[in-house]
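Along the sequence shown, the residues carry numbers beginning at 1. Counting starts at 1 for both ligands and their atoms, following the listed order.
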Amino acid sequence: MRLVRSVAELRIAVRTLREGGKRIGFVPTMGFLHEGHASLIRQSTARCGATVVSIFVNPTQFGPNEDLAKYPRDLEGDQNLCLRMGVDLLFLPEVPEIYPTGFSTTVEPGRLAEPLCGQFRPGHFRGVATVVAKLFHMVEPDLAFFGQKDLQQTAVIRRMVRDLDMPVEVIVVPTVREAGGLALSSRNAYLSTEERQRACGISQGLFAADAAYRAGERHPERLVALALERIRPISSVQYCEVVDLQDMQPLLRPVDRPAALVTAAFVGSTRLIDNVILGQGPDLHESGTG
Ligand code: AMP
């Protein structure tokens with residue numbers, strides 16, 4: 001596995017990997033890697049001849065009062081995981097490499113970025129879209145892998161790829177969970193043991209609503225109420241909504257199209273997000289660009 005820190009080195013290393021016609025798979029991350037990231041990497045190594053992973057805690061996607069300064073890091077552990085998993089190239093840029101002095105051009109994701117997390121994290125998806133666009137231009141991957149856990153992010157990135165004609169296929173990988181249902185997240189490191197147990201109520205709420213959906217319930221407000229029965233007692237809820245899977249807009253009428261139940265909630269001072277695609281089996285979440 002090769003470690004590179006500059007864009008120039010990265011471009012040369014990717015060019016070498018591409019020689020011989022290898023497909024390039026790309027997994028962008030903010031590090032503190034866990035089994036969720038590993039699942040993305042596994043998909044990439046299975047489908048591509050070479051896999052590039054980036055670790056970059058992107059400052060432009062954090063709000064002024066968010067956790068940028070204390071975001072968990074473990075470079076050594078991350079390197080070991082990537083090495084074990086057969087990653088070919090690990091890109092570890094510093095902030096000035098990505099945002100040189102005078103940087104001023106951004107990608108504005110528009111309507112998809114407005115509801116849900118966009119409402120509570122102004123500018124977040126602009127930061128995400130901008131950094132992912134830049135990373136796509138640097139790596140020029142054939143396939144790029146993202147987790148369903150960040151569902152709105154996957155919608156924003158798919159839209160950007162279509163709107164800006166980026167020659168990359170976006171693959172969404174199902175959410176990896178702990179045995180109790182809690183979606184793996186680097187931010188789970190902030191939770192105490194007791195909070196971690198409580199946090200399982202979030203996925204339990206989502207699963208209860210999904211079970212009702214499978215049994216025929218189609219009213220968004222009843223599905224949301226069912227989820228909140230479990231989520232509200234254990235957390236402070238920011239949002240919990242049924243949304244159209246394509247455009248992320250809240251569905252106010254009975255669900256008649258692919259939809260997801262999405263939530264963000266604070267357990268103690270830790271903000272967690274999670275979602276389920278309604279009625280979709282756990283092995284059906286992956287799909288290509290479209
Ligand atoms: P992050 O390092 O949190 O920015 O995440 C990097 C990528 O890993 C994103 O595409 C996430 O959606 C994905 N990811 C994070 N947690 C999980 C999980 N529990 N299951 C699957 N993918 C995940």
Side-chain angles (χ1 to χ4, degrees), residues 25-46 51-62 66-68 70-75 77-79 81-82 85 87 90-93 98 116-117 121 124-125 127-136 139 141 143-158 160-161 168-191 196 199-200 202-203 206-207 248 260 262-264 270-277 282-287:
F26 178 43
V27 181
T29 82
M30 298 207 300
F32 206 70
L33 303 181
H34 50 66
E35 201 40 49
H37 300 108
S39 168
L40 271 56
I41 295 171
R42 208 168 288 120
Q43 289 266 344
S44 178
T45 56
T51 290
V52 181
V53 172
S54 64
I55 296 179
F56 180 61
V57 182
N58 175 36
T60 66
Q61 70 188 69
F62 287 79
E66 293 183 355
D67 56 342
L68 173 62
K70 64 164 188 170
Y71 196 82
R73 293 170 200 248
D74 176 15
L75 199 49
D78 291 351
Q79 281 184 39
L81 184 141
C82 289
M85 300 210 60
V87 170
L90 183 55
F91 181 40
L92 302 165
I98 302 293
L116 313 176
C117 288
R121 306 186 71 190
H124 168 68
F125 288 114
V128 169
T130 302
V131 81
V132 171
K134 284 171 65 68
L135 290 166
F136 281 178
V139 177
L143 269 60
F145 298 84
F146 293 87
Q148 186 202 309
K149 203 208 126 223
D150 299 277
L151 189 68
Q152 191 175 13
Q153 169 172 283
T154 66
V156 164
I157 287 164
R158 281 198 162 144
M160 173 184 79
V161 162
V168 53
E169 188 180 345
V170 173
I171 309 289
V172 178
V173 178
T175 303
V176 177
R177 299 175 181 282
E178 290 182 357
L182 177 63
L184 296 190
S185 164
S186 306
R187 289 189 167 100
N188 292 354
Y190 301 145
L191 299 170
R196 215 177 176 105
C200 293
I202 294 176
S203 54
L206 297 176
F207 293 151
M248 295 289 124
V262 291
T263 191
T270 304
R271 183 178 182 275
L272 301 174
I273 59 170
D274 200 355
N275 67 83
V276 288
I277 296 179
D283 54 348
L284 295 175
H285 290 182
E286 187 193 332
S287 55

Colleague: Partners of Ser44 by side chain to side chain contact (heavy atoms under 4.5 Å, CB included), sequence neighbours excluded?
Modeller: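 By the side chain to side chain contact (heavy atoms under 4.5 Å, CB included) rule, Ser44 matches Val27, Cys48, Thr51, Phe145.
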
Colleague: Among pairs that include at least one residue of residues 31-41, which meet salt bridge (charged side-chain N to carboxylate O under 4.0 Å, His left out), considering only residues two or more places apart or in two chains?
Modeller: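 Residue pairs passing salt bridge (charged side-chain N to carboxylate O under 4.0 Å, His left out), neighbours aside: Glu35-Arg42.
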
Colleague: Near ligand 1, which residues have a heavy atom under 4.0 Å away from one of its atoms?
Modeller: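 Answer by chain and number: Pro28, Thr29, Met30, His34, Gly36, His37, Leu40, Tyr71, Phe146, Gly147, Lys149, Asp150, Gln153, Pro174, Thr175, Val176, Leu184.
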
Colleague: Give me the atom names and distance for the closest heavy-atom approach of Val156 to Ala129.
Modeller: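 Minimum heavy-atom contact is CG1-CB, 4.3 Å.
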
Colleague: For a quick test of reading the model, state the closest non-hydrogen atom pair linking Val57 to Met30 and the distance between them.
Modeller: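 In this case the closest contact between Val57 and Met30 is CG2-O, 3.4 Å.
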
Colleague: Is the backbone of Val128 close enough, under 3.5 Å, to the side chain of Gln153 for a donor and an acceptor to pair up by distance?
Modeller: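 Looks like no, no N/O pair under 3.5 Å.
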
Colleague: Looking at residues at least two apart in the chain, or sitting in another chain, which of them share a side chain to side chain contact (heavy atoms under 4.5 Å, CB included) with Ala264?
Modeller: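 If we apply the side chain to side chain contact (heavy atoms under 4.5 Å, CB included) test to Ala264, skipping adjacent residues, the hits are Gln238, Tyr239, Arg271, Ile273.
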
